[in-house]
Asks: 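Submitted below is the structure of interest, expressed as C-alpha cells.
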Amino acid sequence: GAEQASLLSFFKGP
Amino acid sequence: MFEARLVQGSLLKKVLESIKDLVTDANFDCSNNGFALQAMDSSHVSLVALLLRSDGFEHYRCDRNMTMGMNLSNMSKMLKCAGNEDIITMKADDTGDVVTFMFESPDQDKISDFELKLMDIDSEHLGIPDTEYAATVKMPSSEFMRICRDLSSIGDTVTISVSKDGVKFSTTGDIGQANITCRQNTSVDKEEQTIIELQEPVTLTFALRYLNSFTKATPLAPTVQLQMSKELPVVVQYLIADMGYVRYYLAPKIED
C-alpha cells in the first residue's frame, strides 16, 4: 500500500 | 505594543475555525507585515500558513515583532463570544503574557473584553521552497468541500489526477469505489469556474481526513486553488479578500 509521507522530508527544518 | 482592529470581526472567527481542528497550540507572528501563523499538525503530515496583511486591518500597530503563543481551542472559545457583526480588536503589550480581544457591537452599545493567557510554544518554522507547480486547479470552494465530504464516506484516501480535460477525484473503499471529474468550465460566473493550468499531467494520493479539515476554510473564500507536482505536497489555498490567505500543505501518500 501507499505510505503517508512526512512534510519534514520536503520542507527545510529550522 | 501590538494592536489590530478588524471591522469585519467575523473574518477572524472564520480564520480560527479554519485552523483549530488541525493545530492545537500555535505561535502567531505579529510584525509590520501583518498577523501570521505557520504550524504543522502533530503528525507532521500537514501544515497551515496564515497571513492577514496589516493593510487589511482598519487600524494596525506593531512596535516590534512579537510572537504570541496561543491554545487555539481556547482562542476559539473567546472568539465565539464575539457577535458576527462585531468589530474585533486584538491588543498585547510588549511584556506579552496575555492578549486581549475586544469586541464592539456595530451600534457601539456593547463592549466586551476577553483576556487570553499566552503560552510558550516550541515551534518548528519550516522553510517552504518556491516551486513551479505542474498543475494548478481553481474551482468553487463549496464544490471542493462537497467532493471531499462525499468521497470520505466511501474511502480514506483520494487520488487526484489533473489533465487538460479536467480534474478527477477517485477513491476506493470496502463498499466500492467512486470517481468524480470536474471539467474545465470558464463559461459561467467567475466564482463558479473550474480553471486548469497545466504544465504536465499529475496524479497524487492524499488522506481525505486532512483535506476535509482544510475545507473548514470554505466560508473564507468562494474559490479554492490546488497546486500539485509529482511527489510533492499539495498546496490548498483560500484567498481572503483584501487581506491575505489561508494556505494548507499536505504530504502525499507515496507507493513503496
Side-chain angles (χ1 to χ4, degrees), chain A, chain B residues 22-23 27 29 38-49 67 121-131 133 155-160 170-174 203-211 214 227-236 247-256:
Chain A
E3 292 248 328
Q4 177 62 62
S6 164
L7 268 188
L8 300 173
S9 53
F10 300 100
F11 298 155
K12 285 190 287 266
Chain B
L22 219 52
V23 181
N27 281 325
D29 298 310
Q38 193 210 76
M40 273 188 290
D41 75 282
S42 56
S43 55
H44 296 171
V45 169
S46 68
L47 179 146
V48 55
T67 298
I121 298 167
D122 282 331
S123 73
E124 301 149 284
H125 210 88
L126 293 185
I128 301 167
D130 278 331
T131 310
Y133 285 92
D156 297 330
T157 62
V158 60
T159 298
I160 307 177
S170 309
T171 192
T172 305
D174 294 340
T203 296
L204 290 169
T205 298
F206 301 101
L208 274 165
R209 181 163 74 87
Y210 293 95
L211 292 176
F214 301 170
Q227 289 178 295
M228 305 202 317
S229 281
K230 191 176 178 223
E231 291 185 358
L232 277 186
V234 62
V235 189
V236 180
R247 204 178 271 166
Y248 303 94
Y249 296 82
L250 176 60
K253 298 257 185 180
I254 290 178
E255 288 296 334
D256 293 337

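On a predicted model such as this, the values are computed, not experimentally measured, just so you know. Quick note: numbers below take in every heavy atom, side chains included, and nothing from hydrogens, waters or symmetry partners. Chain letters run A, B, ... following the sequence lines, proteins first and then strands; every chain starts at 1.
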Asks: What residues, two or more places apart in sequence or in another chain, satisfy ring-ring contact (aromatic ring centres under 6.0 Å, His included) together with A/Phe10?
Replies: none

Asks: Find the distance between OG1 (B/Thr205) and CD (A/Gln4) and round it off to the nearest 0.5 Å.
Replies: 10.5 Å

Asks: By a 4.5 Å heavy-atom criterion (distance strictly below it), what part of B/Ser46 contacts chain A: side chain, backbone, both, or neither?
Replies: backbone

Asks: Rounded to the nearest 0.5 Å, how far does OG of A/Ser9 lie from CD of B/Glu231?
Replies: 10.5 Å

Asks: Could I get the full list of ring-ring contact (aromatic ring centres under 6.0 Å, His included) partners for B/Phe206, not counting sequence neighbours?
Replies: none

Asks: For the residue pair A/Ala5 and B/Ala251, what are the closest heavy atoms and their distance?
Replies: O-CB, 3.2 Å

Asks: Please report the closest heavy-atom contact between A/Leu7 and B/Val45, naming both atoms and the distance.
Replies: CG-O, 3.3 Å

